[in-house]
Amino acid sequence: MLPLFLVLSILAFFDRAYATHSVPRWRPDLRKDAAIAGQGSTSHRRRVLEGIATGAPVTNNSTIVPVTLASDKQTYYALSTVGNVSLQLSLDTASADLWIVSSECTSSACNVPKYPLSFESSSFVPVNNNQTSLSVSYADSTGAQGFVARESVSIGNITVPQQALGLVTSSNVTFPDQVSGVLGLGFPRLSTISNTVANATPFFANLSESGGLDYPLFGLSLTRDSSGTLTFGAIDGSVVANRSLIAWNEVVPFAPFLGSSENSSSYLQWAVVLDGISVNGTEFTPEPTYPIQTMNASLALIDVGTAGIFGPYQDVARIFSMIDSARLVDDTTGQYVVPCDIQETMAFSFGGRNFTLQPTDYLIGPASGNPNLCLSWPRALPPSSDGIDWQIGSPFLRTVYSIFSYGINGKEAPMVGFYPLSNSTTLTESEESVTAFLASYSATVATTLPNILISTPTYTTPLYTFNTSVSATPGKIIKTGLGTSTYSALLNSKHLNATAIPTLTPSPTVATLILTDTSGHTVTTTSTASHRSITLGVPEGWTGTSAAPAHGLNFATKSLAWFALAAVVCALL
């Protein structure tokens, strides 16, 4: 895992000398859920190295870690430490529970690095003698079962002791690339664990409510490889060059579920208002499924756990009606196709700003039986009873840097911010560049399209899930349940000061250090930054039986250049 700053890479030497696409996957099944009513070191050496490396202060209340797109091209994951065990977790903003596969899970889906219960971690705390059951289910009919416990959980240099989590003993959720569980980053109201166990706030909410971050937010940079980042407490300064260009959107609160005894609205999902949609600059206003209940606003769930873009038929059909030769090819999945040589842009408007997708952003790939036609996002879905018409996943999120601010008690509503990675509002891709991209990305989909026209299906709108007699308007600032009031509000809609949001910059893989001694001599040293070796699913230093086959990560070992660098630094200090 990359350290926070170049200086921490250097200090690590001193400190450790050896040292086909289906339903949106992670969206919780609300048919079931609705029933659940510091400071851095001040040593001279550290201060000198900090000044040389970045000129920025070290903090224990923010962190930045790499994010990788898995080989299935759908899952984004990051490395975590649970107890003393290194595990990779899938990131999800549409759910709120943290769960990992345990050594008691023997189903085929659990052939991944596991949390070894036989290790008897000193930081493990049982809940109800491990008798409090956990069952999570998702909209694609997958799910996992197990029990609730508490364990120390770390992401980068941020640690939450005794974090409530699920240890799974049975699952049909299939993970790629040795991913071992899910890190839900949603609101506590969405959490099965939080609604079952007292004082069991989810990981990110726990950090925000306790004041454990420099600011109660996390940021995501998503890429098509392993160069993405996840930050807690700050945003990635290597991506966001101008914080004043972030478009902020107030998260929408939701009324209590029908039948609940609650009488006030609260935050449930990272859902914001979708202002408009356009194709090649021609814009239209989306039509909400529940216009009365949602104040005539179309709601969009921002979901890193979804590898697509999904919308209601009434909007998706209008999008493709504006593209020549586009047609519906599957009325059960809502899949449309377009010519692969398409030259249209597609844009979604949030916070009064258009965010433009080029063809390579929304094309899925050519159909193998019809190679001139490409499957495309968005796909259309039947009405959802929660009133969330759109689910915006990674095809859109790769075009922006996304920021999820938890809000502050009595001061600030939760917000979602989008920082555009491109300022282009018109087509920038040629037919040749799109063709080359599809070929290099091996995007061909193994399917043959129907040779008949398919009509747009019609659906009966289901009963709305929430109590419409309770008001739920965007911008609701509640007194409890958000970040601790000790935070100074930076994102209050009336006094927006986004330029003061803390930033972090990931350390480079190759480090260059320029030092000048007291005689004025300059020495330049370049070295490959190194990382300690870890094995997934096996506690560091444990000699017991592994909970799963060893899954090592190929991190670089210490190089001779680090010894030369150490000698230079010591000579100057």
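Proximity of F310 to D303: side-chain heavy atoms (C-beta onward) are nowhere separated by under 4.5 Å. Between V273 and L299 there is a side-chain heavy-atom pair separated by less than 4.5 Å. With a 4.5 Å cut-off on side-chain heavy atoms, F187 and S266 do not count as touching. S471 is not listed as a side-chain neighbour of S265, based on a closest heavy-atom distance of 4.5 Å or more. Looking only at side-chain heavy atoms (C-beta outward), L397 and L220 stay at 4.5 Å or farther from each other. The shortest distance between side-chain heavy atoms of L482 and S208 does not fall below 4.5 Å. Two residues are said to be in side-chain contact when any heavy atoms from C-beta on lie closer than 4.5 Å; N492 and I477 meet this criterion. At a threshold of 4.5 Å between non-hydrogen side-chain atoms, the residues S95 and V136 do not count as touching.
Each of W270, F396, Y401 was evaluated against F418; a single residue qualifies, F396, per the ring pair (Phe, Tyr, Trp, His ring centres under 6.0 Å) test.
The closest donor-acceptor contact from the side chain of S180 to the backbone of I100 lies at 3.5 Å or more, if one exists at all. Between the side chain of D389 and the main chain of T289, a donor-acceptor pair closer than 3.5 Å is present. Counting only distance, with no hydrogens or angles, the side chain of N467 and the backbone of P256 share no donor-acceptor pair below 3.5 Å. A side-chain donor-acceptor contact under 3.5 Å links S80 to the backbone of L87. At least one donor-acceptor pair under 3.5 Å links the side chain of N157 to the backbone N or O of S62. In this structure, the side chain of D97 engages the main chain of I193 through a donor-acceptor pair within 3.5 Å. Remark: side-chain polar atoms of T231 are paired, donor with acceptor, to backbone N or O of G219 under 3.5 angstrom. Checked by atom type and distance alone, the side chain of T294 pairs as donor or acceptor with a backbone atom of A297 at under 3.5 Å. Side chain of N249 to backbone of G351: a donor-acceptor contact under 3.5 angstrom is found. Put simply, the side chain of D275 gets close to the backbone of G352: a donor and an acceptor are under 3.5 Å apart.
For the side-chain contact (heavy atoms from CB on, under 4.5 Å) test, residues two or more places apart in sequence or in another chain that qualify with D361 are L357, Q358, T399. The side-chain contact (heavy atoms from CB on, under 4.5 Å) check on D315 picks up I277, F284, P286, E287, S298, P312, R318, W390, with sequence neighbours excluded. I501 pairs by the side-chain contact (heavy atoms from CB on, under 4.5 Å) definition with L217, I235, R243, W248, L490, L491, A498, not counting sequence neighbours. When the side-chain contact (heavy atoms from CB on, under 4.5 Å) test is applied to T484, the partners found at least two apart in sequence or on another chain are T486, Y487.
Under the side chain to side chain donor-acceptor pair (under 3.5 Å) criterion, the residue pairs touching residues 409-426 are Y215-E412, with sequence neighbours excluded.
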Side-chain donor/acceptor pairs under 3.5 Å, residues 143-155, sequence neighbours excluded:
| unit_1 | atom_1 | unit_2 | atom_2 | d |
| --- | --- | --- | --- | --- |
| R150 | NH1 | N199 | O | 3.1 |
| R150 | NH2 | A198 | O | 2.9 |
| R150 | NH2 | N199 | O | 3.2 |
| E151 | OE1 | S123 | OG | 2.4 |
| E151 | OE1 | F124 | N | 3.4 |
| E151 | OE2 | Y115 | OH | 2.5 |
| E151 | OE2 | S121 | OG | 3.0 |
| S154 | OG | T159 | OG1 | 2.6 |

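Nearest approach of L69 to T223, heavy atoms of both residues: CB-O, 3.8 Å. Of all non-hydrogen atoms in P288 and Q314, the two that sit nearest each other are C-NE2, 4.0 Å. Closest heavy-atom contact between A96 and P202: O-CB, 3.2 Å. Closest non-hydrogen pair, S102 versus V168, comes out as OG-O, 2.9 Å. Shown here for V65 and A78, the closest heavy-atom pair between the two residues is CG2-CB, 4.4 Å. Contact record, R353 with A247: NH1-N, 3.8 Å, taken as the closest heavy-atom pair.
Classified by interplanar angle (parallel below 30°, tilted 30° to 60°, perpendicular above 60°), the ring pair F175/W99 is tilted. Classified by interplanar angle (parallel below 30°, tilted 30° to 60°, perpendicular above 60°), the ring pair F232/F204 is tilted.
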### Task
Apply side-chain hydrogen bond (donor to acceptor under 3.5 Å, both in side chains) to the pair D225 and S227, showing each step before the final yes or no.
CA-CA 6 Å; D225 50 35; S227 62; 2.5 Å; yes
### Message
Walk me through whether F348 and I309 qualify under side chain to side chain contact (heavy atoms under 4.5 Å, CB included).
### Response
CA-CA 11 Å; F348 296 88; I309 301 173; 4.2 Å; yes
### Query
Step by step, would you call T499 with S244 a side-chain hydrogen bond (donor to acceptor under 3.5 Å, both in side chains)?
CA-CA 6 Å; T499 57; S244 67; over 6 Å; no
### Message
For T465 and D386: C-alpha separation, side-chain torsions, deciding distance, then whether side-chain hydrogen bond (donor to acceptor under 3.5 Å, both in side chains) applies.
### Response
CA-CA 5 Å; T465 299; D386 58 9; over 6 Å; no
#### Entry: Audit row: Y406, E209, side chain to side chain contact (heavy atoms under 4.5 Å, CB included) steps and yes/no
CA-CA 9 Å; Y406 192 67; E209 294 181 19; 3.0 Å; yes
### Message
If you apply the rule side chain to side chain contact (heavy atoms under 4.5 Å, CB included), what do you find for T503 with D236, and how did you get there?
### Response
CA-CA 6 Å; T503 61; D236 188 339; over 6 Å; no
### Query
Going through the distances and angles, do F404 and F218 end up as a ring-ring contact (aromatic ring centres under 6.0 Å, His included)?
CA-CA 5 Å; F404 300 79; F218 65 91; 4.8 Å; yes
### Task
Check the pair Y290 / F466 against ring-ring contact (aromatic ring centres under 6.0 Å, His included), numbers first and verdict last.
CA-CA 11 Å; Y290 299 90; F466 303 99; 9.5 Å; no
### Task
Test side chain to side chain contact (heavy atoms under 4.5 Å, CB included) on F350 and I392 and set out the steps.
CA-CA 12 Å; F350 293 102; I392 307 294; 4.2 Å; yes
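To the nearest 0.5 Å, the span separating CZ on R379 from OG1 on T333 amounts to 4.5 Å. To the nearest 0.5 Å, atoms CD (Q163) and OG1 (T201) are separated by 8.0 Å. One distance of note links CE of M346 with CD1 of I319; it measures 5.5 Å at 0.5 Å rounding.
Geometrically, R189 engages F257 in a cation-pi contact defined by less than 6.0 Å to the ring centre and at most 45° from the axis.
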